[in-house]
Amino acid sequence: MRIGYPCINRSIGCSASRTFRLASYSEARLCEAVNQNIDCLTRILAYNIREGLLFFRISSDMIPFASHPLCAADWQGTFRGRLSALGTFIRNYRIRISMHPDQFILLNARDEDVYNRSVAELAYHAELLDLMGLSATAKIQLHVGGIYGDREESIKRFLERYGRLDETIVRRLVIENDDSRYPLADCLRISRECGVPVLFDSFHHAVFSSGEGLHDSALSAADTWSSGDGLPMVDYSSQYPSGRPGKHAEHLDPDDFARFLAETAPLDFDCMLEIKDKESAARSALGIATGDPRLVTGLKGQRE
DNA sequence: AATGGTCAAGTCAGC
DNA sequence: GCTGACTTGACCATT
């Protein structure tokens, strides 16, 4: 099991998702942001290696506006060398990589324009990972999409559009159960139809499911991954106490995470900690997973 | 230098 | 019909 966290490191003082306003777009501005993002990502990954955190989600903002019609810049050519070097670094240290396009990306959108923009954005994600020379184990995780008043029709539309995707996207795309629209059961059904792997989000499942148990759920999602996909990925989080159900916790709850590990054992997977204090939570999780209490921060009474 | 309104993009629940 | 949550930071105009 590798353990990691998404996109942002809160302690080393740089951001690998620097962007700018569309109104101030220029090629120079783009290059400046991308160079800074690559610099910072390199620093974050070096930090992660030192800490034993070998799973990381790269921000979709790595190349700002990459799929926007306004972006005429040849970022692929400009950054080919740097991205390739970064990818070599990632492969050498056997770091697992994921990406997660955000809520605007809807493969099953009713609106053709939204659908077309979504495919363009997925193509950008795949191209970025390709330029880094990463294998198909580097995944792009996506939710199934909207309901649009008709779940069955919207699932059919997802399947039909999935079938039309370019292979460069298909080899990396996985779907994740969300916390309000498409639960694990739907994702598994879709996977049986088209073969897309299912990334199990344990927290979404706790918030939104028909009550299937954690152990069996993690197992059935893991079954949808083939050898070329790498170890299954799982997202973990826990509830922010007294917050809206589904709100992510600020700190890792050591007891909850230990219970999560016990219930999913002996299944092996790469685990993404979707906790707001990021690398701190991931270090604690690593401490719990490896039995090293020195890594576990946030002792009793310090939780929110 | 500090601040706070706003940022490419969609959906859906709640008023 | 409109607003806010999602999730969240950080850009940048303004002071």
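Chain A is the first sequence line, chain B the second, and so forth, proteins listed ahead of strands; every chain is numbered from 1.
- In the displayed structure, A:R164 atom CZ is contacted under 6.0 Å by more than 12 heavy atoms of other residues, nucleotides or ligands.
- For the P atoms, the distance linking C:dT8 with B:dG4 amounts to 22 Å, nearest Å.
- Between the CG atom of A:D113 and the P atom of B:dA9 there is a distance of 13 Å, given to the nearest Å.
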> Once each nucleotide of nucleotides 10-15 of chain C is scored for protein heavy atoms under 4.0 Å, what B/S/- sequence comes out, 5' to 3'?
Replying inline: BBS---
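- Relative ring orientation between A:H248 and A:F203 is described as perpendicular, the plane-to-plane angle rising above 60° on a 0-90° scale split at 30° and 60°.
- Minimum atom distance to the side chain of A:L106 is reached by B:dG10, of the listed C:dT7, B:dG10, B:dA8.
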> Which dot-bracket notation, 5' to 3', represents the base pairing of DNA chain C when pairs are defined as Watson-Crick or G-U with both distances under 3.5 Å, crossing pairs as [ ], and inter-strand pairs as |?
Replying inline: ||||||..|||||||
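- A heavy-atom distance below 4.5 Å is not found between the side chains of A:F89 and A:L41.
- A:K276 comes within contact range of the sugar-phosphate backbone alone, with a heavy-atom separation under 4.0 Å but no base atom that close.
- Stacking of A:F104 onto the six-membered ring of B:dA9 is present: less than 5.5 angstrom between centres, less than 30° between planes.
- If you take CD of A:E250 and C1' of C:dG9, they are 14 Å apart, rounded to a whole angstrom.
- For the C1' atom pair drawn from B:dT6 and C:dT7, the interatomic distance equals 16 Å after rounding to whole Å.
- What separates CG of A:D178 from C1' of C:dT7 is a distance of 14 Å, to the nearest Å.
- Looking only at side-chain heavy atoms (C-beta outward), A:Q141 and A:D201 stay at 4.5 Å or farther from each other.
- One can place CZ of A:R10 at 10 Å from C1' of C:dT8, the figure rounded to the nearest angstrom.
- Contacts between residues 53-70 of chain A and DNA chain C, counted as heavy-atom distances below 4.0 Å, involve no residue at all.
- In the model, A:D292 has no side-chain atom that pairs as donor or acceptor with a side-chain atom of A:T290 under 3.5 Å.
- For A:N9 and C:dT8, the CG to C1' distance is 16 Å, given to the nearest whole Å.
- Side-chain atoms of A:P183 and A:N177, non-hydrogen and from C-beta on, never get closer than 4.5 Å to each other.
- Residues A:E274 and A:S237 bring no donor and acceptor atom of their side chains to less than 3.5 Å of each other.
- A:K278 places its NZ atom 10 Å from the C1' atom of C:dG9, with the value rounded to the nearest Å.
- Dashed line: the shortest gap from a side-chain N or O of A:R110 to OP1 or OP2 of B:dT11 is not under 4.0 Å.
- The line from CG of A:N48 to CD1 of A:I3 is 12.0 Å long, rounded to the nearest 0.5 Å.
- Under the 3.5 Å distance criterion, with hydrogens and angles disregarded, no donor-acceptor pair is assigned to the side chains of A:S280 and A:H251.
- To the nearest angstrom, P of C:dT7 lies 9 Å from CD of A:E274.
- Ring pair A:H68/A:F65 is perpendicular by interplanar angle, where above 60° counts as perpendicular and below 30° as parallel.
- Counting heavy atoms from C-beta on, the side chains of A:M233 and A:F55 come closer than 4.5 Å.
- Nucleotide C:dA5 holds its P atom 15 Å from the CG atom of A:D179, rounded to whole Å.
- Taking atom P on both B:dA8 and C:dT14, the two are 16 Å apart, rounded to the nearest angstrom.
- Geometrically, A:R151 engages A:Y182 in a cation-pi contact defined by less than 6.0 Å to the ring centre and at most 45° from the axis.
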